[in-house]
Amino acid sequence: MVVGKSLRSRALLGALIAVLTLSGCASGLGGGTYSRGEARRTMVVQFGTIESVRMVQLEGTKTPVGTVAGAAVGGIAGSSVGGNRGSAIGAVLGAVAGGLAGSAIEEGVTRTQGVEVTVQLESGQYLAVVQEDGGEQFRPGERVRILRDAGTTRVTR
């Protein structure tokens, strides 16, 4: 009986570590963060003046990792409830509840602060760009660069 509880504890700990580790793998969304695929690509550069800056919340990732890890942890925890039939029902209910909780935890852990920067380009056109807040502290009236590439737009100095 002690060996079974020890094994369950280790499985629970392992699944929790997997959720936390993999949630840290989310890529950045800031003006200075580039994916490997964006390296060596040509970008259109425009210049403009910041009209306004507003803090926003960027929702977290919603991948199957949190759901699966939560379901595994919940299933293991639920299987320890009751005997024979009770443990099977507990495992199923624990897996469902754990999956929902794991998904919510992943989204919450990967949620980040963002910034919406509205820029008036030299052409007179207005552009609003939302990106992760990288501590740039953009200010209205400041001259900035806009970088565009195949659907990706960034505000930088």
Side-chain angles (χ1 to χ4, degrees), residues 8-79 90-157:
R8 284 190 184 120
S9 296
R10 286 183 185 169
L12 181 66
L13 180 62
L16 186 58
I17 289 170
V19 169
L20 295 175
T21 301
L22 293 173
S23 66
C25 295
S27 63
L29 300 171
T33 305
Y34 291 83
S35 69
R36 290 189 65 74
E38 290 175 308
R40 297 172 154 198
R41 283 215 227 127
T42 303
M43 297 185 127
V44 174
V45 180
Q46 296 175 292
F47 294 92
T49 304
I50 295 177
E51 289 295 314
S52 66
V53 179
R54 183 172 74 105
M55 299 307 290
V56 297
Q57 190 78 229
L58 299 176
E59 67 181 18
T61 58
K62 297 174 183 171
T63 66
V65 173
T67 304
V68 170
V73 170
I76 291 166
S79 69
V92 170
L93 293 176
V96 170
L100 292 172
S103 179
I105 289 169
E106 177 189 14
E107 198 279 330
V109 167
T110 58
R111 190 178 301 144
T112 59
Q113 189 67 39
V115 63
E116 176 191 84
V117 183
T118 302
V119 177
Q120 182 177 17
L121 300 176
E122 290 177 338
S123 67
Q125 177 186 15
Y126 284 88
L127 203 65
V129 179
V130 175
Q131 61 190 36
E132 191 173 87
D133 183 12
E136 297 96 343
Q137 298 180 345
F138 292 119
R139 291 183 175 80
E142 183 179 5
R143 185 166 165 77
V144 291
R145 294 183 316 152
I146 304 296
L147 303 174
R148 294 185 188 193
D149 170 32
T152 301
T153 303
R154 295 179 170 81
V155 178
T156 67
R157 288 196 166 86

Q | Test item: Leu58 and Val130 side chains (from C-beta on) under 4.5 Å apart, heavy atoms | A | yes

**Q.** Arg145 side, atom CZ; Arg157 side, atom CZ - distance, nearest 0.5 Å
**A.** 11.5 Å

Q: Using the test side-chain contact (heavy atoms from CB on, under 4.5 Å), find all partners of Gln57 that sit at least two apart in sequence or belong to another chain.
A: Arg111, Gln113

Q. Between OG1 of Thr152 and CE of Met43, what distance do you get to the nearest 0.5 Å?
A. 6.5 Å

Q) Can you pull the salt bridge (Lys or Arg N to Asp or Glu O under 4.0 Å) pairs that have at least one residue in residues 112-129, sequence neighbours excluded? A) Arg54-Glu116, Glu122-Arg143

Q | Atom of Glu132, atom of Glu136 and distance for their closest heavy-atom approach | A | O-OE1, 4.4 Å

Q. Rounded to the nearest 0.5 Å, how far apart are CD of Gln120 and OG1 of Thr49?
A. 7.0 Å

**Q.** Atom of Pro140, atom of Ser52 and distance for their closest heavy-atom approach
**A.** CG-CA, 4.3 Å

(Q) If you apply the rule side-chain contact (heavy atoms from CB on, under 4.5 Å), what do you find for Arg154 with Val129, and how did you get there? (A) CA-CA 7 Å; Arg154 295 179 170 81; Val129 179; 5.9 Å; no

Distance-only donor-acceptor pairs under 3.5 Å for side chains of residues 63-76, two or more places apart:
residue : atom : partner : partner atom : Å
Thr63   : OG1  : Val65   : N            : 3.4
Thr63   : OG1  : Glu106  : OE1          : 3.3
Thr63   : OG1  : Glu106  : OE2          : 2.4

Q | Residues which pass side-chain contact (heavy atoms from CB on, under 4.5 Å) with Gln46, listed by chain and number, not counting sequence neighbours | A | Val44, Leu121, Ile146, Arg148

Q) Say you draw a straight line from CD1 of Ile50 to CG of Leu127; how long is it, rounded to the nearest 0.5 Å? A) 12.0 Å

**Q.** Val119, Thr156, Val144 screened by side-chain contact (heavy atoms from CB on, under 4.5 Å) with Phe138, the one that passes
**A.** Val144

Q. Where do Asp149 and Thr42 come nearest, in terms of heavy atoms and distance?
A. OD1-O, 3.8 Å

**Q.** Heavy-atom side-chain contact between Gln137 and Glu142 under 4.5 Å
**A.** no

Q. What residues, two or more places apart in sequence or in another chain, satisfy salt bridge (charged side-chain N to carboxylate O under 4.0 Å, His left out) together with Arg139?
A. none

Q: With sequence neighbours excluded, tell me which residues meet salt bridge (charged side-chain N to carboxylate O under 4.0 Å, His left out) with Glu51.
A: none

